[in-house]
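Here's the structure we're looking at; comments come further down.
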Amino acid sequence: MVKILMHFSIIALGLLSGCGGKNTEPYVKEPGAEDSSKKDVLETGAEVMQNKAPINAINLYLDGFHFYNGNMKGQMEAHHFCTVLNEDVTQCIIYDGNVKDAHIMGVEYIISEKLFKSLPEDEKKLWHSHNHEVKSGTLIAPGIPELAEHELMEKLISTYGKTWHTWHTDQDKELPYGSPQLMMGFTKDGQLEDSLLAKRDKNFKISTEEKRKNRADIPNHKILPGADSWQDGKVLQLSSLTKHEHKH
């Protein structure tokens, strides 16, 4: 995966100024005073003088969908801005949009099949597979050429992700209330709401169905035991640490 990203690094990093970005507004509007001149000065100074090595290392943008573990009706689009650490580990910051004022919803860690096999059995229950997301066309890498995306998806299909959302912007419209929630990925057709998919496709001017057809030649990945444990009735979720209860 690292070699693929290096090969297409210029294209991938330039996508935010093209069709791959700046087209999805965030779900919420946080409270607070409007931007001030002092904030503008601070931002300018930070941009010039401060080191942002971890942010500058982000080299991959993925767009997909999550749902709350234990409640598939709680669905949302998730914009992943990722750093590929090595061939087996990728870390992503998840936003509710891809514009400057988008909100951080959470994080996702993506690991290879090899590393997933090494996890303790109880740990595997927290992870979801990516086979259906890739084959269905619902997971995309906006802005890069179709051939490059196809090659990337060939790598991602055998990976597993662990996702925690800390700001539930589908429900809490002002601030990140309550506890983090474990999220999962879809595993078959008919689970993802059509309206969410249609809105995403319209924003990016793409066709998920065309991507599905384009990826028909990618072999299905056999899901390892332990992943997508919600399908076996093993739903794990954090209880609320405060009196704030999420609707899901």
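Across Ile223 and Ser129, no two heavy atoms sit closer than the pair CD1-CB, 3.4 Å. Closest approach of Cys92 to Ile110, counting heavy atoms only: SG-CD1, 4.0 Å. Gly178 and Thr242 make their closest contact through CA-OG1, 4.1 Å (heavy atoms, listed as atom of the first residue, atom of the second, distance). Among all heavy-atom pairs drawn from Ser239 and Ser179, the shortest one is O-OG, 3.2 Å. Taking both residues in full, the closest heavy atoms of Leu224 and Tyr160 are given as N-OH, 3.0 Å, listed atom of the first, atom of the second, then distance. Here the shortest heavy-atom pairing between Asn220 and Lys135 reads OD1-CG, 3.6 Å.
Counting only heavy atoms from C-beta outward, the side chains of Met183 and Tyr68 approach each other to under 4.5 Å. Side-chain contact between Leu119 and Leu126: absent, with no pair of heavy atoms (C-beta onward) separated by less than 4.5 Å. Residues Gln171 and Tyr177 fail the side-chain proximity criterion, which asks for heavy atoms closer than 4.5 Å. You'll find the side chain of Thr83 stays beyond 4.5 Å of the side chain of Pro54, heavy atoms only. Contact annotation: the side chain of Phe81 approaches that of Asn98 to within less than 4.5 Å [non-hydrogen atoms, C-beta and beyond].
A distance of 7.5 Å separates NE2 in His130 from CG in Leu156, rounded to the nearest 0.5 Å. One distance of note links CE of Met76 with NE2 of His168; it measures 8.5 Å at 0.5 Å rounding. From Asn214, atom CG reaches atom CE of Met153 across 10.5 Å, with rounding to the nearest 0.5 Å. Ile157 contributes atom CD1, which lies 8.0 Å from atom NE2 of His221 (distance to the nearest 0.5 angstrom). The distance from atom CD of Gln91 to atom CD1 of Ile58, rounded to the nearest 0.5 Å, is 8.5 Å. Atom-to-atom distance recorded for Leu139:CG and Leu152:CG is 8.0 Å, nearest 0.5 angstrom.
Between the side chain of Thr166 and the backbone N or O of Met105, at least one donor-acceptor pair lies under 3.5 Å. Not a single donor-acceptor pair under 3.5 Å links the side chain of Asp232 to the backbone N or O of Lys234. For Glu123 (side chain) and Pro120 (main-chain N/O), no donor-acceptor pair under 3.5 Å exists by modelled atom type. When atom types are taken as modelled, the side chain of Glu149 and the backbone of Pro142 share no donor-acceptor pair closer than 3.5 angstrom.
Shown here are the side chain to side chain donor-acceptor pair (under 3.5 Å) partners of Asp189, two or more places apart in sequence or in another chain: Arg212.
When only modelled atom types and interatomic distance are considered, Arg200 and Thr138 share no side-chain donor-acceptor pair under 3.5 Å. Looking only at atom types and distance, the side chain of His150 has a donor-acceptor partner in the side chain of Glu154 under 3.5 Å away. Between the side chains of Asn69 and His128, no donor-acceptor pair of N or O atoms lies under 3.5 Å.
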Requested in this report: Please lay out, stage by stage, how Glu108 and His80 fare under the test side-chain hydrogen bond (donor to acceptor under 3.5 Å, both in side chains).
Outcome: CA-CA 8 Å; Glu108 177 166 356; His80 304 59; 2.9 Å; yes
**Report entry** Pair Tyr109-Thr90, side chain to side chain contact (heavy atoms under 4.5 Å, CB included): steps then yes or no
**Finding:** CA-CA 6 Å; Tyr109 300 97; Thr90 296; over 6 Å; no
Report task. Using the salt bridge (Lys or Arg N to Asp or Glu O under 4.0 Å) rule, take Glu193 and Lys73 through it: C-alpha gap first, then chi angles, then the decisive distance, then the call. Result -> CA-CA 9 Å; Glu193 294 178 9; Lys73 292 183 179 179; over 6 Å; no
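Between Phe186 and Phe65, the distance from one ring center to the other does not fall under 6.0 angstrom.
Salt-bridge formation is not detected for the pair Glu77/Lys199: no Lys NZ or Arg NE/NH1/NH2 atom is positioned less than 4.0 Å from an Asp or Glu carboxylate oxygen.
In summary, of the residues considered (Lys114, Lys155, Lys117), a salt bridge (charged side-chain N to carboxylate O under 4.0 Å, His left out) with Asp88 occurs for Lys114 alone.
No more than 12 heavy atoms of other residues, nucleotides or ligands lie within 6.0 Å of CG in Asp194, so this atom counts as exposed by the packing criterion.
Using cut-offs of 30° and 60° for the angle between ring planes, the His79 and Phe204 rings count as tilted.
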